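Predicted, not measured: the structure shown is a model, and the values here were computed from it.
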Amino acid sequence: MKYSLCSISFRHQLISFPALVTFMIRKGFEGIELWGIHAKSLYEHERKETAEQLRAMEDAGLAVSMLSDYLDIHSEEEFVRAERKCDELLRLAHWLGTDRLRTFAGNKSSRTVAPGERDAYTERMRKLCRQCAAEGVQLVVETHPGTLADDLDSTLTLISDIGGDALRLNFDVLHVWEYGGDLMHMLHVLEPWIHHFHFKNIAHPSQVTLFEPGNVYSASGDRKGMVPLHQGFLDYRRLLEETAHLDCFASLEWFGPTPLSVLSEDIAWLHRQRYSLAGDWRNSI
C-alpha cells in the first residue's frame, strides 16, 4: 500500500503546489490525488512551474495517484457535457502522468432510482469507461452514498452490468462501512475491482453525516468529530493488516482544520504500522 494526500484537503487554504510537493517529500508521502479543478487551474495558469514540480516528484519517486472529478450522468443533456468534460480531464490526466480518473455513479440512491433510469445511468457509465479506456485511462467509481455504488449488491450489479474488466473502484472505507454488514467481508468481496482507497475517520458512528456534500464542501461546515485515522471508531490497523498485500494507493482524505498538521500525524502513524506489520510478517516465517 502506498499513501497519497488529497489536494481537496486544501480547498480552503492558500498553499502552493510546490509547497505541497515539498511537504509530501519531507513527510514520506508517495503521491497526491489531485482534484480536477486544481489540476485545471495548474494547467491553465502555472503550467511550466507545475511541469517542473511533476518532474521533481518523479525524481523523488512520487506520483499523481488519481485525478478526481464529477461526471454528470443524470440526463442525456448533462451527459453530452460530461463527455466533453471527460475529454478535458483525460488530457489533464496524461499531462499529470496518471492513469486513473475518479467519478461517481450518478447522484441518486440505488434504492430510489427507477429500473429504466438505472439502465440509462449504466449505459452512460459504460460509454465513459470506453472513452477512458481508449486513452489508456481507468475510470474509477467511488463507493459513496446517494449513488449506484451505495451498497454491496448495487455496486456488484453495476460492475457486472458494465463489464468486470471495464470499471474499477475507489474503496472509500468509511462509506463502505455505511453499507452495513461486515466491513472486512465487503473488502474481500470487492477486492478484485479495487484500484484505490480513501481513508478517513470519525470519532463516533453517529457523526457520519459530517461527510454529506452540503457540509463537507462548505467553508463554514461542521468539522467536530473528524479525527486522525488512529483516533476514530473505524479500526484502520485491522484494515491495514487485511490490505497489506495490495499494490495500490490510499489517499488520506482529510476535510477538517489544520490539514498539514493532521496529515503529518496520519502519515507518521501509517508508516509505523507499515514497519510493524512488516515485522509481524517476518516473525511469522
| said: Whether Arg272 and Glu265 form a salt bridge (side-chain N of Lys/Arg under 4.0 Å from carboxylate O of Asp/Glu) is what I want to check. | reply: no

Between the side chains of Asn201 and Gln231, does any donor sit under 3.5 Å from an acceptor?
no

_Does atom NE2 (His185) have a neighbourhood of more than 12 heavy atoms from anything else shown, all under 6.0 Å?_
no

Query raised in the report: With no hydrogens and no angle check, do the side chains of His198 and Glu33 hold a donor and an acceptor under 3.5 Å apart?
Result: yes

Measure from NZ or CZ of Arg102 to the centre of the six-membered ring of Phe104 and say whether it is under 6.0 Å with the direction within 45° of the ring axis. yes

Heavy atoms of Gln13 and Pro259 approach each other most closely as OE1-CG, 3.8 Å

Would Val64 end up clustered with Val140 when hydrophobic side chains under 4.5 Å apart are linked, directly or stepwise? no

(message) Are His74 and Lys108 packed together at the side-chain level, in the sense that at least one heavy-atom pair is separated by less than 4.5 angstrom?
(response) no

Test of understanding: clusters of I, L, V, M, F, W, Y form through side-chain heavy atoms closer than 4.5 Å, transitively. Do Trp254 and Leu5 belong to the same one?
yes

#### Entry: Ring centre gap for Phe233 and Trp177 strictly below 6.0 Å
yes

* **Worked verdict on Leu252 versus Phe197 for side chain to side chain contact (heavy atoms under 4.5 Å, CB included)** => CA-CA 9 Å; Leu252 314 189; Phe197 285 85; over 6 Å; no

**Asked** Backbone N or O of Ser65 within a donor-acceptor pair of the Arg100 side chain at under 3.5 Å?
**Response** yes

Exercise for the section: Walk me through it: do Thr209 and Asp222 pass the test side chain to side chain contact (heavy atoms under 4.5 Å, CB included)? Expected result: CA-CA 10 Å; Thr209 55; Asp222 184 10; over 6 Å; no

Salt-bridge criterion met for Arg274 and Glu30 (N-O under 4.0 Å): yes

May I ask you to test the Gln53-Met57 pair for a side-chain heavy-atom distance under 4.5 Å? no

Q: Would you please say whether a donor-acceptor pair under 3.5 Å links the side chains of Asp150 and Ser109?
A: yes

For this session: Indicate whether the side chain of Thr155 and that of Tyr179 have a donor and an acceptor atom separated by less than 3.5 Å.
Result: yes

Of all heavy-atom pairs linking Gln131 and Asp87, the shortest is NE2-OD1, 2.9 Å

When every non-hydrogen atom of Cys132 is compared with those of Leu139, the smallest separation belongs to SG-CD1, 3.9 Å

Output for pair (Asn107 CG, Ile73 CD1), nearest 0.5 Å, gives 8.0 Å

>> Regarding Glu178 and His175, do their side chains bring together a donor and an acceptor under 3.5 Å, going by distance alone?
In response: yes

Sidechain-backbone polar pair: Asn215 side chain, Gly221 backbone, donor-acceptor under 3.5 Å
no

| Are the charged groups of Glu58 and Arg55 less than 4.0 angstrom apart, N to O? | no

In this structure, CG of Leu62 is separated from CD1 of Ile32 (nearest 0.5 Å) by 9.0 Å

Would you call Asp151-Arg111 a salt bridge at under 4.0 Å N-O? yes

- prompt: Linking I/L/V/M/F/W/Y whenever any side-chain heavy atoms sit under 4.5 Å apart, do Val173 and Tyr3 land together?
  reply: yes

Smallest heavy-atom separation, Phe249 atom then Met1 atom, equals C-SD, 4.2 Å

>> Looking at Trp35 and Ile37, would you say the former's side chain and the latter's main chain have a donor-acceptor pair under 3.5 Å?
In response: no

Leu263 and Phe10 have their tightest heavy-atom pair at CD1-CZ, 3.8 Å

Determine whether Val216 and Met226 make a side-chain contact, defined as any pair of heavy atoms from C-beta on separated by less than 4.5 Å. yes

- Query: So, Ser75 side chain and Glu78 main chain: donor-acceptor pair closer than 3.5 Å or not?
  - Reply: yes

Problem set entry | Under 3.5 Å side-chain donor-acceptor pair for Glu242 and His188 | yes

Separation between CG (Asp172) and OG1 (Thr143), nearest 0.5 Å, reads 5.0 Å

Rounded to the nearest 0.5 angstrom, the CG-CD1 distance for Leu20 and Ile25 is 11.0 Å

Distance col, row Met66:CE vs Cys248:SG, nearest 0.5 angstrom, shows 10.5 Å

Quiz item: Is any NZ, NE, NH1 or NH2 atom of the basic residue among Glu76 and Arg124 found under 4.0 Å from an Asp or Glu carboxylate oxygen of the other?
Solution: yes

Please walk me through it: do Ser68 and Asn170 pass side chain to side chain contact (heavy atoms under 4.5 Å, CB included)?
CA-CA 10 Å; Ser68 292; Asn170 178 51; over 6 Å; no

Practice item. Using modelled atom types only, decide if a donor and an acceptor are shared between the side chain of His196 and the backbone of Ala250 within a distance under 3.5 Å. Key: no

Note to self: Checking the side chain of Glu253 only, and the main-chain atoms of Ile8 only, is there a donor and an acceptor separated by less than 3.5 Å?
What the structure shows: no

Separation between OG (Ser41) and CD (Glu46), nearest 0.5 Å, reads 6.0 Å

- Sub-4.5 Å side-chain heavy-atom contact between Asp161 and Leu158: no

* Under 3.5 Å donor-acceptor, Thr243 side chain and Leu239 backbone -> yes

Just so I know, are the side chains of Lys85 and Leu71 near enough to count as touching, which here means a heavy-atom distance under 4.5 Å? yes

Find out if a path of hydrophobic residues (ILVMFWY) with successive side-chain heavy-atom gaps under 4.5 Å connects Trp193 to Met184. yes

Practice problem: Give the cluster check for Leu42 versus Leu90: same hydrophobic cluster or not, with ILVMFWY residues linked at side-chain heavy-atom distances below 4.5 Å. | Solution: yes

- prompt: With no hydrogens and no angle check, is any side-chain donor or acceptor of Tyr43 less than 3.5 Å from a backbone partner on Trp95?
  reply: no

query: Under 3.5 Å, is there a donor-acceptor pair between the Arg118 and Ser154 side chains?
result: yes

Worksheet item: Between Ser7 and His38, does any side-chain donor sit less than 3.5 Å from a side-chain acceptor?
Response: yes

Checklist entry - Got a salt bridge between Glu52 and Lys48, using NZ or NE/NH1/NH2 to carboxylate O under 4.0 Å? => result no

Do Ile202 and Leu234 come close enough that some side-chain heavy atom pair is under 4.5 Å? no

| said: I'd like to know if Lys2 and Asp247 make a salt bridge, using a cut-off of under 4.0 Å between side-chain N and carboxylate O. | reply: yes

If we ignore hydrogens and angles and just use 3.5 Å, is the side chain of His195 paired with the main-chain N or O of Phe171 as donor and acceptor?
no

Shortest non-hydrogen pair, Tyr236 vs Leu174, comes out as OH-N, 4.4 Å

Just so I know, are the side chains of Asp72 and Arg81 near enough to count as touching, which here means a heavy-atom distance under 4.5 Å?
no

Review point. Taking C-beta and beyond as the side chain, do His94 and Arg91 meet within less than 4.5 Å on heavy atoms?
Key: no

Thr157 side chain vs Asp153 backbone, donor-acceptor pair below 3.5 Å: yes

(Q) What verdict does the side chain to side chain contact (heavy atoms under 4.5 Å, CB included) test give for Ile162 and Cys129, after you've listed the backbone C-alpha separation in whole Å, the side-chain angles of each residue and the deciding distance to 0.1 Å? (A) CA-CA 8 Å; Ile162 289 176; Cys129 285; 4.0 Å; yes

field: Pair Lys127 + Glu83, salt bridge at N-O below 4.0 Å
entry: no

Charged N-O contact under 4.0 Å between Glu88 and Arg84: no

